[in-house]
Amino acid sequence: MKITENSPLLRHNTFGMDVKAARMVEFDTEQELLEILTGPCDRVLTIGAGSNLLFLNDFCGTILHSCIKYIDVVSDEPDAVLVRVGSGVNWDSFVAWTVRNGFWGAENLSSIPGEVGASAVQNIGAYGAEAKDIIKEVRAVSIEDGSVRVFRNEECQYGYRQSIFKNELKGKYVVTAVTYCLSKKESPKLGYGALQERVKSLGAVTQSNIRLAVAQIRKEKLPDPAVLGNAGSFFMNPVISTELFERIRSEYPEIPSYVAPQGFVKIPAGWLIEKSGWKGQSLGPAAVHDRQALVLVNRGGATGADIKKLADTIIADVKRKFDVQLCAEVNYIE
Ligand code: EPU
């Protein structure tokens, strides 16, 4: 276990915010986490790789970071495996492991920054797949009383970028392990248009080619946080009424859309932001990425307030132009 006081967070957030935490605890086992939770703990924040948050200030409390790293096959059946993974495992290393072993289900989620624990909190999703599709259960420790609870998938209340850990139980549990159910049968998901074409151009429909295709598409659109600070999609794609969608479509027949529950349509926030004239634009050191308007970037030296100011300005402009309310996907940390 590593405990540091007045700990710099620059390497712990992909937006590149140069802030500090009063205390940072990196625990290697669930037992170590329990030891920390029985001691005095003021304000607590659990982070993964810091790839989906924006620090607005120094954090005056304790930051918990899981370094629990293992990948264990806990059940091996003819058609499927159950794999329990420590919450501190790098997400993409886990995906690479699944592909090496021929276990299907995670390959469309290749190259997503972050760690296994956060993937279950965020219900990460891309290219027609979501973490919830392969999660069997989530093991977590209560911050309040140190009790261990195993949440079955249905108990996690998963939705688009949503889970019980982001809502009702926000800040109340620390995820220590996630168990995934992966298929041993070939089960490619190529519904996302550009993915199918890209895989075809690489040859056969194999897990490796799907992984490579996803990595290539992401690289073309999304900035590398090591080069340009960012936290991936800054906003969620809004779900709007069919009526509002039709109103927008009468002016912009080309508007892309995703399926949503009856009476609603999900539309890409990136498209709305681009049509509002923000793609590639800056406000001080904060900017909108020039290849994917859904991503806000730190051009260097931006503070959390700079990024938030840009986000708020975009939200107001999109609201004015389209009457659509954008919501941040990134978590603001005060
Ligand atoms: N679009 C624009 N302008 C832009 C960006 C997008 O017109 O600047 C249009 C595209 O042309 C396309 C549509 O919007 O027709 C969708 O774009 P894209 O395929 O890039 O996907 P997205 O809806 O913008 C979502 C996820 C991404 C994920 C991709 C692929 C959210 C908030 N974002 O983006 O997730 O990689 O789909 O499945 O749901 C992330 O969460 O960090 C992330 C990158």
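Order of appearance sets the numbers: ligands from 1, and atoms from 1 within every ligand. We number each residue from 1, following the sequence as shown.
Protein heavy atom nearest atom 25 (C) of ligand 1, with residue, atom name and distance: N237 ND2, 4.0 Å. The shortest contact between atom 41 (O) of ligand 1 and any protein heavy atom is with R161 NH2, 2.6 Å. In terms of protein heavy-atom proximity, atom 6 (C) of ligand 1 is nearest to Q292 OE1, 3.6 Å. Of the protein's non-hydrogen atoms, L294 CD2, 3.7 Å is the one closest to atom 34 (O) of ligand 1. If you check which protein heavy atom lies closest to atom 13 (C) of ligand 1, you get P268 CG, 3.5 Å. The protein heavy atom nearest to atom 11 (O) of ligand 1 is P256 CG, 5.0 Å. For atom 42 (O) of ligand 1, the nearest protein heavy atom (residue, atom name, distance) is S233 N, 2.8 Å. Y127 N, 2.7 Å is the protein heavy atom nearest to atom 38 (O) of ligand 1.
Contacts of F235 with ligand 1, taken as heavy-atom pairs under 4.0 Å, involve the backbone alone. Here R291 has no heavy atoms under 4.0 Å from ligand 1, in either its backbone or its side chain. Within the 4.0 Å heavy-atom criterion, both parts of A293, backbone and side chain, lie near ligand 1.
In this structure, F245 has its ring center at least 6.0 angstrom away from the ring center of F264. Here the two rings, on Y252 and F322, have centers that are under 6.0 Å apart.
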Show your working on ring-ring contact (aromatic ring centres under 6.0 Å, His included) between F151 and F165 and close with a plain yes or no. CA-CA 10 Å; F151 295 80; F165 308 106; 4.9 Å; yes
Could you walk me through whether D224 and R218 pass the salt bridge (charged side-chain N to carboxylate O under 4.0 Å, His left out) test, one step at a time? CA-CA 9 Å; D224 177 357; R218 287 186 69 94; over 6 Å; no
Derivation of the side-chain contact (heavy atoms from CB on, under 4.5 Å) call for H65 and T46: CA-CA 6 Å; H65 179 217; T46 309; over 6 Å; no
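Clustering ILVMFWY residues whenever any of their side-chain heavy atoms sit less than 4.5 angstrom apart, transitively, puts L54 in a cluster other than the one holding L222. Under a hydrophobic clustering in which Ile, Leu, Val, Met, Phe, Trp and Tyr are joined whenever their side-chain heavy atoms come within less than 4.5 Å, directly or via other members, I3 and L37 fall into the same cluster.
If you number the atoms of ligand 1 from 1 as listed, the ones under 4.0 Å from a heavy atom of G232 come out as 42 (O). Taking a cut-off of under 4.0 Å to the non-hydrogen atoms of Y160, the atoms of ligand 1 that pass are 31 (C), 32 (C), 39 (O). Atoms of ligand 1 lying under 4.0 Å from at least one heavy atom of E274, given by number and element, are 2 (C), 3 (N), 4 (C), 7 (O), 8 (O). Ligand-side atoms of ligand 1 in range of K279: 3 (N), 4 (C), 8 (O), range being under 4.0 angstrom from any heavy atom. Residue R218 approaches ligand 1 through these ligand atoms, each under 4.0 Å from one of its heavy atoms: 36 (O). Annotation for ligand 1: atoms under 4.0 Å from non-hydrogen atoms of Y192 are 18 (P), 19 (O), 30 (C), 38 (O).
No side-chain donor-acceptor contact under 3.5 Å links R161 and Q122. A donor and an acceptor atom, one from each side chain of S87 and S66, are located under 3.5 Å apart. Under the 3.5 Å distance criterion, with hydrogens and angles disregarded, a donor-acceptor pair is assigned to the side chains of N123 and E130.
Side-chain atoms of W91 never come within 3.5 Å of backbone atoms of I124 as a donor-acceptor pair (strictly under, hydrogens ignored).
In this structure, atom 29 (C) of ligand 1 is not in close contact with the protein, since no protein heavy atom lies within 4.0 Å of it.
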